[in-house]
There are 2 protein chains.
Amino acid sequence: MVAIIDANLTRFGKRKESLLELAGEVSLPLIEKYEIDFVVVSNTYSGEFNFQSGINNLITTYLSIDNVPSIRVDNTSGSGGSAILVAKSLLDSKVANTVLVLGVEKMSEKNTKQVTSIIASLLPLEERKAGLTLPSLAGLMAKEYMRRYNAPREAFALVAVKNHYNGSLNPYAHIQKVVSLEDVLKAPIIADPLTLYEFTPISDGASALVMVKDEYAYSFTKKPVFIKGIGVSSDTSYLSGREDILSIKSVRNAGLIAKKMAKIDRIDFAELHDMATVLEIVEAEELGLLRKGEGWKAYYDNYTSIDGEMPINTSGGLNSKGHPIGASGVAQAVEAFLQIRNEAGNRQVKNARVGLSLSMAGFGNSATVIIYGDEP
Amino acid sequence: MVAIIDANLTRFGKRKESLLELAGEVSLPLIEKYEIDFVVVSNTYSGEFNFQSGINNLITTYLSIDNVPSIRVDNTSGSGGSAILVAKSLLDSKVANTVLVLGVEKMSEKNTKQVTSIIASLLPLEERKAGLTLPSLAGLMAKEYMRRYNAPREAFALVAVKNHYNGSLNPYAHIQKVVSLEDVLKAPIIADPLTLYEFTPISDGASALVMVKDEYAYSFTKKPVFIKGIGVSSDTSYLSGREDILSIKSVRNAGLIAKKMAKIDRIDFAELHDMATVLEIVEAEELGLLRKGEGWKAYYDNYTSIDGEMPINTSGGLNSKGHPIGASGVAQAVEAFLQIRNEAGNRQVKNARVGLSLSMAGFGNSATVIIYGDEP
Ligand SMILES: [Ca+2]
């Protein structure tokens, strides 16, 4: 398998820096320290947001590492997980020995309406024409969750309260502000019943990992973080084509594959894809982190808080840390890296030895689950 | 290593079919025959040309193989080579057993001016502002080649004559029309001295390969085509930043790596990146297929023709077959597959046992050289 030997993050948020400058902010300190021989760029929308193509080559030129081969890997919101999978494969097949995985997205060059329209371009044409959007489906999912499991509407809001609290402890988070349950409930409704604070903001940002084969990891650092398992699975792109709106098959399957590969049951913390609050609960249930249909209860007794039994989104998650598309999945791995190395500061989980991340595209048309550990 | 067990191509050209339909045309016959467990989509501009993102997921949904994981790999004009590299790595690392590599691009939804502007978005911002384009650099390259090597202007035109002739024998080529030396010379100048017939047209198209580990290849087909070597190398994105306009370092290096891996000197035919005629000559020199500074002479004695000593671009090349960006590099592998299996019809090279392809981004900011053979 492979290991992460170093990692880096920009602050997420509305940044004045260009896409190339954000890429440089995370990459330059790493290329000074390591002899990178391949760069995998996780980015989806450099063309649509920034009118730049061939971004992987522009980045290596910007970094003055023109001689280092690079590619761009895209899987929309799940690009980060896919880029890590590709980096692992490049290492396994000896194409490269030291891979820089660089996630980057600069969204704020477009306004909210433009961003929404660009992101909706990942839906099948019929659904776009019908006006379906990812947020609207999240609203439907929340309603059905409440109906089927007799869950109170507040449960979703409590996800936002927790994640904003966690984000307030993360110097790299977009929104570093605590919100109360009342704040969340009173905010403008985006997709009934979910409000503004229950969706991820539009963010710029970059994230980076240096990955090597695990047998070399200790020659670079005393505290490598090992990728113990990685599972990838896929489902329909049609929002309306799902058998059950409360089931995300790809997430469940990817989790099972990753856990089997990791040969481990213990999970000490997880970074999930909380594009909307309800998704965190449903994903945690699919991954077996919370009990099916009862996940919402965990948010009433701090079970998923940093000092709870199963901390979820200690980074603040997409909800508060932000979701610069290509940077997001890679940033989850950065959080796992920090937690397992005991370097997560105020938001450190005690005895965090095994972590899980879920990088997801759309509503699960692709899912990559990665399990990280402090030993191979 | 790995092998190609099947391959498919659409006719290139201005196609009325959508991007998804083109993808289906090459993929559906293959997914009926093989149990594909990963799809690597080679595509650069689905957002810019077609306003669709997450194209890999939209494609697997369109093909009704929603459960098969997929990613998009992009490296602009060199995407095909990168996608094959990633597929090989996924096979080596046992992420997948049977990979569909699908190249696809639908360019004709935009007009020529828009396409030119979109493709120029791969250049560094300063050079775009200065009005530099890939064709203009090809013109400069041609002039410098003539000056330094005392080569006649006709030599480049003869590349177009040969490639159009080859294209006329290829039922999948965009331009299936023979042109004379006079036709080429009299055509409108695009970048002095090079004329319209010396540049690749704007094409739609798709191409596909099924790849497996070489040890399984013979269980699928009696005539697998093996990837014996694959080399990737990189150079600056600045057109103006090259040490020598007649040197493409990345091509030379990628060729050396691939040949070393393949442990072979013999090359029976080559598919090169002839975005402009002059590039075919310079690339062939960098790859050692033609002698440095004397490559142009080969075009006066049919040396590079289908029945010559070193056939180049038997498919018609980008020049005549067309260059649907993401489909192009994968289509080179399709040509190698057909030639080595002795299935190239009218354009069959005699005793074609070892082939080479060069998939290149920009003016060599990335280059992937692949060597194919009839044995592992
Ligand atoms: Ca615990």
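Chain letters run A, B, ... following the sequence lines, proteins first, then strands; residues in each count from 1. Below, all heavy atoms of this structure are taken into account, side chains as well, without hydrogens, waters or symmetry copies.
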Enquirer: Chain A heavy atoms under 4.5 Å from B:N56: which part of the residue, side chain, backbone, both or neither?
Expert: side chain
Enquirer: Using the side chain to side chain contact (heavy atoms under 4.5 Å, CB included) definition, which of the options B:N75, B:D74, B:V232 pairs with A:I71?
Expert: B:N75
Enquirer: Apply the side chain to side chain contact (heavy atoms under 4.5 Å, CB included) test between B:V86 and each candidate in A:V86, A:L85, A:V73; give the one that qualifies.
Expert: A:V86
Enquirer: Contact part of B:I119 toward chain A, heavy-atom cut-off under 4.5 Å: side chain, backbone, both or neither?
Expert: backbone
Enquirer: Which residue out of A:S64, A:P69, A:S233, A:G241 racks up the most heavy-atom pairs below 4.5 Å with chain B?
Expert: A:P69
Enquirer: Tell me which of these, B:D92, B:T76, B:L58, has more heavy-atom pairs under 4.5 Å with chain A than the rest.
Expert: B:L58
Enquirer: To the nearest 0.5 Å, how far apart are CD in B:Q52 and CG in A:L122?
Expert: 10.5 Å
Enquirer: To the nearest 0.5 angstrom, please state how far the CZ atom of A:R72 sits from the OG atom of B:S82.
Expert: 12.0 Å
Enquirer: Could you please spell out the steps behind the side-chain contact (heavy atoms from CB on, under 4.5 Å) verdict for B:L90 and A:S89?
Expert: CA-CA 5 Å; B:L90 292 170; A:S89 296; 3.3 Å; yes
Enquirer: Should B:S237 and A:Y62 be marked as a side-chain contact (heavy atoms from CB on, under 4.5 Å) after you check the CA-CA gap, both sets of side-chain angles, and the distance that decides it?
Expert: CA-CA 9 Å; B:S237 296; A:Y62 179 82; over 6 Å; no
Enquirer: Within the side chain of A:T236, is there an N or O that forms a donor-acceptor pair under 3.5 Å with the backbone of B:D66?
Expert: no
Enquirer: So for B:I230, is it side chain, backbone, both, or neither that comes closer than 4.5 Å to the heavy atoms of chain A?
Expert: neither
Enquirer: Chain A heavy atoms under 4.5 Å from B:S250: which part of the residue, side chain, backbone, both or neither?
Expert: neither
Enquirer: Short question: side chain of B:S93, backbone of A:S93 - any donor-acceptor pair under 3.5 Å?
Expert: no
Enquirer: Between atom CG of B:N67 and atom NZ of A:K249, what is the distance when rounded to the nearest 0.5 Å?
Expert: 7.5 Å
Enquirer: In residues 362-370 of chain A, which residues are in contact with chain B at a heavy-atom separation under 4.5 Å?
Expert: A:N365, A:S366
Enquirer: Without hydrogens or angle criteria, can the side chains of B:T61 and A:Y238 be said to hold a donor-acceptor pair below 3.5 Å?
Expert: no
Enquirer: Taking atom types as modelled, find out whether A:S121 and B:S53 have a side-chain donor-acceptor pair closer than 3.5 angstrom.
Expert: yes
Enquirer: More than 12 heavy atoms of other residues, nucleotides or ligands under 6.0 Å from OH of A:Y34: is that the case?
Expert: yes
Enquirer: First locate atom CZ of B:F51, then atom CZ of A:R128, and finally report the distance between them rounded to the nearest 0.5 Å.
Expert: 6.0 Å
Enquirer: If you count heavy atoms of other groups shown closer than 6.0 angstrom to CD of A:E126, is the number above 12?
Expert: yes
Enquirer: Quick one: of B:I118, B:T60, B:I55, B:T44, who has the most non-hydrogen atom pairs under 4.5 Å with chain A?
Expert: B:I118
Enquirer: Has B:E35 got more than 12 heavy atoms of other residues, nucleotides or ligands less than 6.0 Å from its CD?
Expert: no
